[in-house]
There are 2 protein chains.
Amino acid sequence: MLLRMSTALIRTLREDPADAEVPSHRLLLRAGYIRRAAPGGYTWLPLGKLVLDRVTEIVRAELTAIGDQEVHFPALLPAEPYRTSGRWTEYGDDIFTLADRRGAAHLLATTHEELATLLVKDLCTSYRDLPVTVFQIQTKFRDEARPRAGLLRGREFLMKDAYSYDLDDDGLRVAYGRHREAYQRIFDRLGLDYSVVHAVSGAMGGSASEEFLATTPVGEDTYVGCTECGYAANTEAVTTPVPPAGDPHRHPAAEVHDTPETPTIASLVELANDRRLAGRDDWSAADTLKNIVLTVRRPGAEAAELLVVGLPGDREVDLKRLTAALAPATVDVFDAWDEHPELVRGYLGPQVFDKLGVRYLVDPRVVPGSAWLTGANEPGRHATNVVCGRDFTADGTVEAAEVRAGDRCPGCATGRLTMRRGIEIGHIFQLGRRYTDAFSVDVLGPQGKPVRPTMGCYGIGVSRAVAAIAEQHHDERGLVWPATVAPCDVHLVAAGKGPQLEAALDLGERLAASGLRVLVDDRPGVSAGVKFTDAELIGIPRTVVVGRRLTDGYVELRDRATGERVELSLENLAEQLTGG
Amino acid sequence: MLLRMSTALIRTLREDPADAEVPSHRLLLRAGYIRRAAPGGYTWLPLGKLVLDRVTEIVRAELTAIGDQEVHFPALLPAEPYRTSGRWTEYGDDIFTLADRRGAAHLLATTHEELATLLVKDLCTSYRDLPVTVFQIQTKFRDEARPRAGLLRGREFLMKDAYSYDLDDDGLRVAYGRHREAYQRIFDRLGLDYSVVHAVSGAMGGSASEEFLATTPVGEDTYVGCTECGYAANTEAVTTPVPPAGDPHRHPAAEVHDTPETPTIASLVELANDRRLAGRDDWSAADTLKNIVLTVRRPGAEAAELLVVGLPGDREVDLKRLTAALAPATVDVFDAWDEHPELVRGYLGPQVFDKLGVRYLVDPRVVPGSAWLTGANEPGRHATNVVCGRDFTADGTVEAAEVRAGDRCPGCATGRLTMRRGIEIGHIFQLGRRYTDAFSVDVLGPQGKPVRPTMGCYGIGVSRAVAAIAEQHHDERGLVWPATVAPCDVHLVAAGKGPQLEAALDLGERLAASGLRVLVDDRPGVSAGVKFTDAELIGIPRTVVVGRRLTDGYVELRDRATGERVELSLENLAEQLTGG
């Protein structure tokens, strides 16, 4: 392949575009890979299309290699199957819906769990037909409230979505593991630095789920990683290491103290130390048990019910974590104190919840045998040595407390958590039977009885991966593509007119004939300096400069990533470039 | 590539699907290439996706070879540019429109003249930047009133659309010609039998246009072809050969006759022969001049105006042809006889139109010097020897008469036209400046003055081409793919269990390793007979049967198209298959 800059639709910009905030967006625009064409919609210019195609081919090859079968579903679909699955309403404003000329409701499908499941129902009748995995690489549409950051969050994007069907949970785990490994191979080949992050399944339903996040400070997704081991998780999915339980009866009896005007943890701790409550002057917020009242509504329930969450006083409730933990129920803050005089605001303690019939969930740190400074359920009074398993019990534990940098890692127990940011480039789910149940999919099992298949789904943001690569592979002068996805292998610069230009074109043709993808800068009237600047902006891994040493039979090879320059003989240049 | 039928999502159907009327639809469903998923929407199964990809690659390669540059525009677009071009309203119900979450009007674009033109406006500033042609291969959506015939007329389909920009008309003609030739190479490589058919540009505007129609009796498009030369045209685009003009004064004077109760041509001709009008008894309908009153409304005009069309009485008016000839004006039948007493219904003659101020257009056969039997503008009376250029003149000619099989070919003047049917697989247009005018696109010309580029556009129905190939390449037993687009090169059938099955799998791997695309039928418990039937239905060009002669080191090679069978030695099978 030989692209000539004199004719190719490549236009570089000297200035940063005004509305481009993140490096990938800025550089993909400036180097002529994409152009904005609509809100959240980009035109892929020739260079960008080449990169997109190379990324697509890597994704396709690795999925085909694990036996996934490529299909292509319609993108425009009647509402009906999405009504059956419940996603028609779950999606809300996030999808584009439309009516056809007869008024029938349709959607632009973002993922195709429904269609894949109906296809399996249609084509698979026996256990012999499973396992099976289908995938497609398709343009998707999503009605983003705030499209931003170029390709990172658009309304139209290219995605790979795959769906696996297995007879049982063991099979699903195998399929899930196979995709997890294929994803690692894909993202490795794409040159991406990424974390595999424990996630909660959220609206997709299902049991296990991990996200692949490309590490970058501009990522929209926050997650935590361990300083010591490979553990990584969304904050929603972080589990708190549980301290050892103790004997509830080793503590002195609970004691109630007058603690006037201590509605906050800080004021309570100060007073406790001032007055040496229970003989101590080393009270900290972590010794207190804070009780937060919330309301929870289960799906389909008429009324919301009260829930109290107890957690160490040095932690705030993270509503996203709590919501994820209680899904599909929804959580709201409580403010009806007037209607609940039995709840003593600011001085709540867990000693009474059982008696009051209020549901009480605690942070995993609140283990049996742990003793707390907490409310005495009387205004202006707190109690010390309130012991879990002796003075109160909880209805269970819940991951509701905020996760903080420095927290102990739940993966290795020695490392500490750090906060990181990333771009979601892949997501894999063990979905289970939500969709096979919704569409009553059964195959004949090996024992002659019907078996309901279990499902996994696996997505990759293909166009987003292009932006993620650009985020991770650039410097102050421009893009620095990994060789696996670069639009071309070699950028030939004719540094001079006349013989250099002719030699560059001739060389370009020879290199292209030997199988290399070549971009040759043959623009007339453009200085060598501008050509070098553009070459660095465009970011093809190797630049070959056809310059003044041409007469001696030499060209210069520049490595975009390292900046290294070497002279090479024209003689066997193709061999050297394809071999190296 | 090695596909195994034991695991691949290939399901053949014994029976014809109830709703599939045309062979391509029936066979693509039965052989497991596609599956209906929505009204006018199909899922491409693995075999179908392979064929679609091969067709796509041929299209891409031939366009890249002529220097077209691949881009990718968003499919979901704001209404604005389509309002500017006027197509937002022109499209009517044929496109899908929708509102985003903010209520802004959008459409799913079928073609991208607007976006391509805006891109050129954005990227091209000088005459040195032209000519340039961009293309994309994209899923398109169209709100078909009646989706039918499977892939032939769906609501979602794959299309290649290209847009060329040139400085002048000569450049446009060169670009148009280059695409015309590329299209011929593409359709030749796809194994299609097709005609290049003169077309009228219709709603696209522009000056010249040709359609590529794949010849098949199930085609929706009717066109005419010549029995002698290569001429082919849509009926709308057929031009009538003009007979030589004569001397208007060589005819006797016009003479008015009582012709009671002859409101139809047939009754008039019968009476004329009975009464030997003007001394003749060989009157035929072709000697009469029929005058049809219509109303025509020009775009933006408040009122419709009268138009009379004169044509030989043996021809009906073809409203599609007349509409195409008068576009963008619209044509309606006239029925307000009461309001126009000056028009004598059934006895209209052209002698008075000039005086009445009524616009009069005639068929091209109505040349100066031709004499006609026509109405005398009095009830019950006709006139003979009414001569064009003496007794009446017309305001021009118009192609309004029906085209009939047997008409003389306008291309070679010796051949005769025959009626044919085809599937539109490609369409090329010389668009001109409609869009560059709409978006005020100018580039700096070589003389320093702004030049407005002129545009061509070129479409190929990629998914429809798959169906067209299936229409032309099948027999009563199934599909018969051309080697260039077949999903696989070789279909290996293990005719027997045990050693044959093992040998087939082993052979499959060896053939795949040598670069062949291989489908191996390794289904357990399926008889050789069923495997052969399925192989014929699926239609891969060559079947290799691993059967009882395996022990002697031989397999059988069957040619799907010819039915020919030869024995081949296992020794160098790969070489023989890749070589042949």
Side-chain angles (χ1 to χ4, degrees), chain A residues 1 3 6-9 11 32 35 37-46 48-50 52-53 64 67 69-78 93-94 96-102 104 106 108 115 118-119 122-124 128-129 132 134 136 138-139 141 143-145 154-156 158 524, chain B residues 1 3 6-9 11 32 35 37-46 48-50 52-53 64 67 69-78 93-94 96-101 104 106 108 115 118-119 122-124 128-129 131-132 134 136 138-139 141 143-145 154-156 158 524:
Chain A
M1 189 196 75
L3 273 182
S6 61
T7 53
L9 270 184
R11 301 288 182 276
R35 211 80 171 177
Y42 287 82
T43 295
W44 293 85
L45 297 178
K49 185 67 168 63
L50 289 170
L52 183 66
D53 286 350
T64 304
Q69 303 188 45
E70 188 167 3
V71 299
H72 196 86
F73 296 110
L76 178 69
L77 291 169
D93 279 346
D94 288 343
F96 290 105
T97 59
L98 62 144
D100 70 5
R101 64 199 297 155
R102 288 174 189 178
H106 284 68
L108 291 169
L115 271 276
L118 286 169
L119 185 69
D122 184 13
L123 298 184
C124 299
R128 290 194 193 87
D129 296 333
V132 68
V134 295
Q136 62 174 349
Q138 188 181 48
T139 299
F141 306 88
D143 199 350
E144 284 293 343
R155 299 205 301 180
E156 182 167 347
L158 192 64
Chain B
M1 189 196 76
L3 273 182
S6 60
T7 53
L9 269 184
R11 302 288 183 274
R35 210 82 172 180
Y42 287 82
T43 295
W44 292 85
L45 297 178
K49 185 67 169 62
L50 289 170
L52 183 66
D53 285 350
T64 305
Q69 303 188 45
E70 188 167 4
V71 299
H72 197 86
F73 296 111
L76 179 69
L77 291 170
D93 281 345
D94 287 343
F96 290 104
T97 59
L98 62 144
D100 71 4
R101 63 197 300 154
H106 284 69
L108 290 169
L115 272 276
L118 286 169
L119 185 70
D122 185 13
L123 299 184
C124 299
R128 290 193 193 87
D129 297 334
V132 68
V134 294
Q136 62 173 350
Q138 187 182 49
T139 299
F141 304 88
D143 199 351
E144 284 292 343
R155 300 204 301 180
E156 182 168 346
L158 192 65

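Chain identifiers are assigned alphabetically (A, B, ...) following the order of the sequence lines, protein sequences preceding nucleic acid strands; residue numbering begins at 1 within each chain. Predicted model, so just to flag it, every value in this text is computed and none were measured. Every heavy atom of this structure was used, including side-chain atoms; hydrogens, water molecules and symmetry mates were not.
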* According to the interplanar angle, ranging from 0 to 90°, do the rings of Phe141(A) and Phe141(B) count as parallel (below 30°), tilted (30 to 60°) or perpendicular (above 60°)? -> perpendicular

* Give, for atom CG of Asp93(B) and atom CZ of Arg102(A), the distance between the pair rounded to the nearest 0.5 Å. => 11.5 Å

* To do: Would you mind telling me which of Pro78(B), Pro46(B), Gly154(B) has the largest number of heavy-atom pairs within less than 4.5 Å of chain A?
  => Pro46(B)

* Asked: Checking heavy atoms, do the side chain of Thr64(B), its backbone, both or neither come under 4.5 Å from chain A?
  -> neither

* Under 4.5 Å from a heavy atom of chain A, the part of Gln136(B) involved -> neither

* Asked: Given the options Leu52(A), Leu76(A), Leu98(A), which has more heavy-atom pairs under 4.5 Å with chain B than any of the others?
  -> Leu76(A)

* Heavy atoms, side chains only, cut-off 4.5 Å: are Arg128(B) and Ser6(A) in contact? -> no

* Inter-residue atom distance Asp100(B).CG - Glu144(A).CD, 0.5 Å rounding -> 12.0 Å

* **Residue Leu108(B) versus chain A: region with a heavy atom under 4.5 Å** => side chain

* Side chains of Cys124(A) and Leu9(B) in contact at under 4.5 Å (non-hydrogen atoms) -> yes

* Heavy-atom contact with chain A under 4.5 Å, split by part of Leu119(B) -> side chain

* chain B heavy atoms under 4.5 Å from Ala75(A): which part of the residue, side chain, backbone, both or neither? -> both

* To do: Name the option with the most non-hydrogen atom pairs under 4.5 Å to chain B; the candidates are Asp122(A), Thr7(A), Asp129(A), Leu118(A).
  => Asp122(A)

* **Under 4.5 Å from any heavy atom of chain A - which part of Glu70(B)** => both

* Asked: What part of Ala8(B) gets closer than 4.5 Å to chain A, counting heavy atoms only: side chain, backbone, both or neither?
  -> both

* Structure fact -> When the 4.5 angstrom heavy-atom criterion is applied to Leu115(B) and chain A, the contacting part is side chain

* Structure fact -> In terms of heavy-atom contacts, Pro74(B) and Gly41(A) come closest through CG-C, 3.8 Å

* Hey, which of Leu45(B), Val134(B), Thr97(B) has the most heavy atom pairs under 4.5 Å with chain A? -> Leu45(B)

* Asked: How far apart are the C-alpha atoms of Thr139(A) and His72(B), what are their side-chain angles, what is the distance that settles it, and do they pass the side-chain contact (heavy atoms from CB on, under 4.5 Å) test?
  -> CA-CA 11 Å; Thr139(A) 299; His72(B) 197 86; 4.3 Å; yes

* Structure fact -> For Tyr42(A), the ring pair (Phe, Tyr, Trp, His ring centres under 6.0 Å) test, sequence neighbours excluded, returns His25(A)

* Asked: Which is it for Val71(A) and Arg35(B) under the side-chain contact (heavy atoms from CB on, under 4.5 Å) test, yes or no, and what are the steps along the way?
  -> CA-CA 10 Å; Val71(A) 299; Arg35(B) 210 82 172 180; over 6 Å; no

* To do: Measure distances from Arg101(B) to the heavy atoms of chain A and classify the residue's part below 4.5 Å as side chain, backbone, both or neither.
  => both

